[in-house]
Structure formats: C-alpha cells, structure tokens
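No experiment lies behind these values; they were computed from the predicted model shown. Sequence lines set the chain letters: A, B, ... in the order given, protein chains first and strands last, and positions in each chain run from 1.
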Number of protein chains: 2
Amino acid sequence: MLTASEENYLKAIFHLAGKSKRPVSTNALASALQTKPASATDMIQRLSKKGLVSYHKYKGVTPTSGGNKLALQVIRKHRLWEVFLVQKLRFNWDEVHEVAEQLEHVESEQLIEQLDKFLGYPKYDPHGDPIPGADGSMAPLPSTTLAMLQPGDKCRVICARDSSSDFLLFLDKLHISLGAAIEVLDKFEYDGSFSIRVDEALPITLSSKAAENIYVEKT
Amino acid sequence: MLTASEENYLKAIFHLAGKSKRPVSTNALASALQTKPASATDMIQRLSKKGLVSYHKYKGVTPTSGGNKLALQVIRKHRLWEVFLVQKLRFNWDEVHEVAEQLEHVESEQLIEQLDKFLGYPKYDPHGDPIPGADGSMAPLPSTTLAMLQPGDKCRVICARDSSSDFLLFLDKLHISLGAAIEVLDKFEYDGSFSIRVDEALPITLSSKAAENIYVEKT
DNA sequence: TTTTATTTTTAGTCTTATCTAATTTTATTA
DNA sequence: TAATAAAATTAGATAAGACTAAAAATAAAA
C-alpha cells in the first residue's frame with residue numbers, strides 16, 4: 001500500500017502530465033505540492049523504485065500504467081467524498097477540497113464502494129469533474145446546460161458553470177442543489193426563461209441567464 | 001494539533017485509566033497499542049511535554065484535564081463515524097472499527113459537526129457506547145430494553161445486548177436497524193411477546209427473548 | 001561556442017515514530 | 001535483607017519525509 005504522501009505525489013504527477021502524458025518537471029511537481037525540488041526528487045525516486053512512475057534523471061517523470069491506475073483510484077475517492085460533503089453534509093462547493101484531501105487517504109475498499117452506492121453512483125463531483133469508476137473509466141466533461149433542454153426533458157444537476165458564491169447562493173435560495181432532479185415544464189420564447197420543477201416541488205421560473213449556467217445530465 | 005499516533009496513545013491512555021483515573025502502566029499501554037514498551041515510553045514523554053498527560057517515571061501515566069478533553073473529542077469522532085458506517089453505509093456492526101480508526105483522525109471541526117447533524121445527533125454508537133458531545137458530556141450507558149416497555153411507549157433502537165451475528169441477521173430480517181423508531185402496540189402476557197411497529201411499517205410480533213436483547217431509549 | 005542562468009540532483013541534517021539491546025528501577029521471593 | 005524477576009527507561013539504529021546547501025547537468029544568452 002501507499003502512504004498518503006506517495007498518493008499525493010502520484011496524483012499531482014497524474015494531473016500535471018495531463019492526458020498528453022508529457023513528462024512532469026521536478027520544479028513543477030514541487031511547486032504543485034508546495035514543497036522543495038529536493039523533496040520531489042526524493043519521492044520521484046521512491047515511486048520509480050516501486051514501478052509507479054517512469055523516471056529519467058533531469059528529464060522529468062510520467063506515470064506508468066500501474067501508477068495511472070492508482071492515481072485514478074485516489075481521484076475517485078477524493079471526488080466521491082466531495083459529493084458526500086456537498087450533498088449530504090451541506091458543505092459549500094468551495095469548502096470541500098481540504099477535507100476531501102484528507103478523506104481520500106482512508107483505506108477501505110468496502111468504504112468507497114458503499115459510499116458510491118449511498119451517493120447513487122454519481123458521475124460528476126461538485127466542480128463538474130467526472131468521477132473515475134472502480135475500473136478507472138470516466139464520463140466526458142459536462143457539456144449540456146439546462147438552457148439547452150426542451151419542455152418535457154428531465155435532467156439531474158451536475159454543477160454550476162459560474163461557481164461564484166453569488167450564483168451558488170442564488171441556487172440555494174431556489175433549492176436547486178447538486179444532484180437535484182429537474183423537469184423542464186415550459187420554455188418562454190419571449191425572454192428565453194424556463195418553467196421548471198425541482199425535486200417534485202411546485203414549478204418555478206428560471207431566467208435564461210441562470211439556465212445557461214447550470215450544467216446537467218439528461219435522465 | 002496532534003498527530004494520528006499521539007491521538008491513538010491519548011485515547012488508549014484514557015480508556016485504560018477508566019473513570020477511576022488510576023495510572024496506566026507502560027506495558028499495558030504498549031500492549032493495547034500493539035507496540036513495544038520503549039515506544040510507549042517515548043510517546044508518553046512527548047505527550048507529557050505537551051501537558052496532555054501527567055507522568056512520573058516508573059509510576060505510570062494519567063490524562064490531564066486537557067488530555068481528557070482531547071481524548072473525548074477523538075472518541076466522539078470515532079463513534080460518530082461508526083454510526084455513519086452502520087446506519088448510512090450499511091456496514092455490519094463488527095466491520096466498522098478499523099475504518100472508524102482511520103476516519104477519526106481527519107481534522108475538521110465543520111466536518112464532525114455537520115456529520116453529527118446529518119446523523120440526527122445520535123447519543124450512542126452501534127455498540128451501545130455513549131457518544132461524547134462537543135463539550136465532552138456523555139449519556140449514561142443504555143439500561144432500557146425493549147422488553148421493559150409498555151403498550152403505547154415509543155423508542156429508538158440503540159444497540160443489541162447480544163451482538164452475535166445470528167441475532168444481528170435476525171434483526172436485519174425484521175428491518176430493525178440501529179436508530180429505528182419503534183412503537184409498542186401490545187404486550188401479550190401469555191408468552192411475553194410484543195406487537196410492535198418499526199418505522200411506520202406494518203405491525204410485527206417479537207418474542208420476549210428478542211425484546212430483552214434490544215437496548216432502546218424512550219422517545 | 002563559451003559563458004551564464006536555471007533546473008535538478010546529491011549530500012547531509014532534522015523530526016516523528018518505531019525498533020532492539022542494554023541498563024536501571026521497582027517488585028517479589030527466598 | 002539479599003537475590004532474583006519483572007517492568008520501565010535509556011541509548012542507539014532505522015525509515016519516511018521533509019529541509020538547506022552544495023554540486024552537477026541542462027538550457028539560454030552573449
């Protein structure tokens with residue numbers, strides 16, 4: 001098993017490498033983790049010895065397929081905990097990161113599978129980032145906004161495009177929370193506003209501006 | 001703040017001292033934590049320097065009032081997580097300890113207060129141990145069994161007296177889960193059995209033997 | 001293509017938390 | 001009370017993970 005520190009480095013390397021898998025420089029890694037280049041070199045060599053990253057001195061580091069898999073599992077845990085914190089414990093979308101950063105290192109297969117089930121197998125975290133499955137697969141980035149839907153369509157709220165605290169507060173007032181089930185009842189061509197039903201409640205009206213800022217997945 | 005290891009030692013000292021607050025021997029502490037006496041001595045001295053335990057060489061160790069408070073906060077977190085795992089993630093009562101042992105060290109005031117709220121401010125964990133409040137106060141040990149109630153009484157399930165897997169499986173079959181709201185409808189003097197309603201469902205019958213093995217708190 | 005600047009690595013130190021082996025203190029027993 | 005056993009402590013070592021300072025490699029500039 002990996003230590004929390006090893007997991008953090010692995011995750012950072014994964015993120016910095018991006019899908020292009022270009023090598024990550026020691027300095028970039030150190031600054032991403034708020035540490036010193038010498039510490040990064042140390043850890044890179046440790047991860048390399050474990051076969052989780054491919055490393056050539058002075059040339060940067062990339063995850064191996066094994067390292068990739070492990071990084072995705074950590075990201076999966078992080079994002080599931082974020083969903084839990086926002087949906088169940090009513091954290092704000094910008095308060096979850098630090099806590100999820102700790103929770104992601106708790107080690108228990110059963111815990112994470114049951115949590116996933118408890119949350120209803122969410123595909124996106126509160127920031128709209130896709131949650132890797134147990135097998136490492138990920139949904140595409142969200143692309144559908146509420147404004148794109150037609151009367152009769154049903155959907156689930158993924159995240160806000162503009163996650164300013166103003167907008168989040170506005171959504172909260174309307175009881176539009178992450179994961180909420182929304183039904184589009186009507187669309188008024190006059191001003192582009194919508195009549196929608198949130199979680200079986202009474203219909204409300206939503207401006208086109210607001211609708212364009214809510215990412216959803218059709219259901 | 002304390003490291004996970006410091007919290008574990010503090011918790012163990014607290015438990016071993018019991019409410020009589022008699023000094024804990026180095027050997028007892030080491031064996032409780034599955035470590036060596038030399039390691040325990042080390043940590044005792046570290047905790048002593050921080051003012052969390054009172055220590056006299058060769059004479060054992062006791063928590064100070066400050067150490068007591070911190071130990072209770074860790075125990076609070078541990079037990080709240082146990083409730084979460086059993087009630088929300090459907091863990092069995094004997095599977096929660098290891099995971100709670102990790103979760104208890106996650107550091108976030110907000111997390112634990114929101115979790116407490118989310119769980120409905122439970123007073124007991126799945127083993128029937130009282131959960132310390134944010135101020136360190138604790139409810140008395142459970143003493144009321146379902147069998148002691150009269151028709152018309154309402155209560156909430158705390159834990160099983162006999163937590164054999166047979167009995168827990170039996171409770172699961174009847175949909176009697178931890179925290180379930182039970183209403184006593186009738187008591188049959190002939191064999192001491194009860195007619196009860198669990199969580200607003202249809203009435204079921206429960207033998208006196210079973211009723212005596214379920215600890216409850218009246219509501 | 002040298003020189004200079006930047007990046008990366010190495011070497012050596014520190015802290016936490018553990019260990020073994022040796023020593024010291026306390027407890028027990030003859 | 002002296003000898004022995006048990007418990008506790010100290011000393012010294014190790015590993016993870018961080019640091020600083022110095023050295024080496026690479027990149028950029030003259």
**OP:** For Leu29(A) and dT9(C), give me the distance from atom CG to atom P, rounded to whole Å.
**Re:** 10 Å

Subject >> Nearest-nucleotide 5' precedence on DNA chain D, Ser25(B) against Tyr58(A) >> reply: Ser25(B)

Subject >> Qualifying residue for side chain to side chain contact (heavy atoms under 4.5 Å, CB included) with Ile214(A), from Thr144(A), Asp162(A), Leu171(A), Ile158(A) >> reply: Leu171(A)

Original post:
When you check the side-chain N and O atoms of Gln110(A) and Glu95(B), is any donor under 3.5 Å from an acceptor?
Top reply: yes

Original post:
Under 3.5 Å, is there a donor-acceptor pair between the side chain of Arg79(B) and the main chain of Pro130(B)?
Top reply: yes

**OP:** Look at Lys123(B) together with Glu217(B) and state whether they make a salt bridge at an N to O cut-off of under 4.0 Å.
**Re:** yes

Original post:
Mapping Ala38(A) and Ala4(A) to their closest nucleotides on DNA chain D, which lands nearer the 5' end?
Top reply: Ala4(A)

**OP:** Could you tell me whether the side chains of Ser25(A) and Asn27(A) share a donor-acceptor contact shorter than 3.5 Å?
**Re:** no

Original post:
Could you state the CG-P distance from Asn27(B) to dT25(C), rounded to the nearest angstrom?
Top reply: 18 Å

**OP:** Provide, to the nearest angstrom, the distance between the NZ atom belonging to Lys36(A) and the P atom belonging to dT7(C).
**Re:** 14 Å

Original post:
What does Ser39(B) touch in the nucleic acid at a heavy-atom separation under 4.0 angstrom: a base, only the sugar-phosphate, or nothing?
Top reply: base

Subject >> Nearest-angstrom distance from the residue atom CD1 of Ile44(B) to C1' of dT16(C) >> reply: 16 Å

Subject >> Boundaries of the chain A footprint along DNA chain D (any atom under 4.0 Å from a heavy atom) >> reply: dA16(D) to dT26(D)

Original post:
Does the pair Asp42(A)/Lys36(A) count as a salt bridge with the N-to-O cut at 4.0 Å?
Top reply: no

Original post:
Whole Å only: how far is the CG atom of Asp42(B) from the C1' atom of dA21(C)?
Top reply: 15 Å

Original post:
Between Ser5(B) and dT18(C), is there a side-chain N or O to OP1/OP2 distance below 4.0 Å?
Top reply: yes

**OP:** Check the distance between dT9(C)'s C1' and Met43(A)'s CE and give it to me in whole angstrom.
**Re:** 16 Å

**OP:** Give a yes or no on whether a salt bridge exists between Arg76(A) and Glu104(A), defined as a side-chain N under 4.0 angstrom from a carboxylate O.
**Re:** no

Original post:
According to the Watson-Crick and G-U wobble definitions, with both distances under 3.5 Å, which nucleotide is paired to dA30(D)?
Top reply: dT1(C)

**OP:** Starting from C1' on dT9(C), measure out to OH on Tyr55(A) and report it in whole angstrom.
**Re:** 7 Å

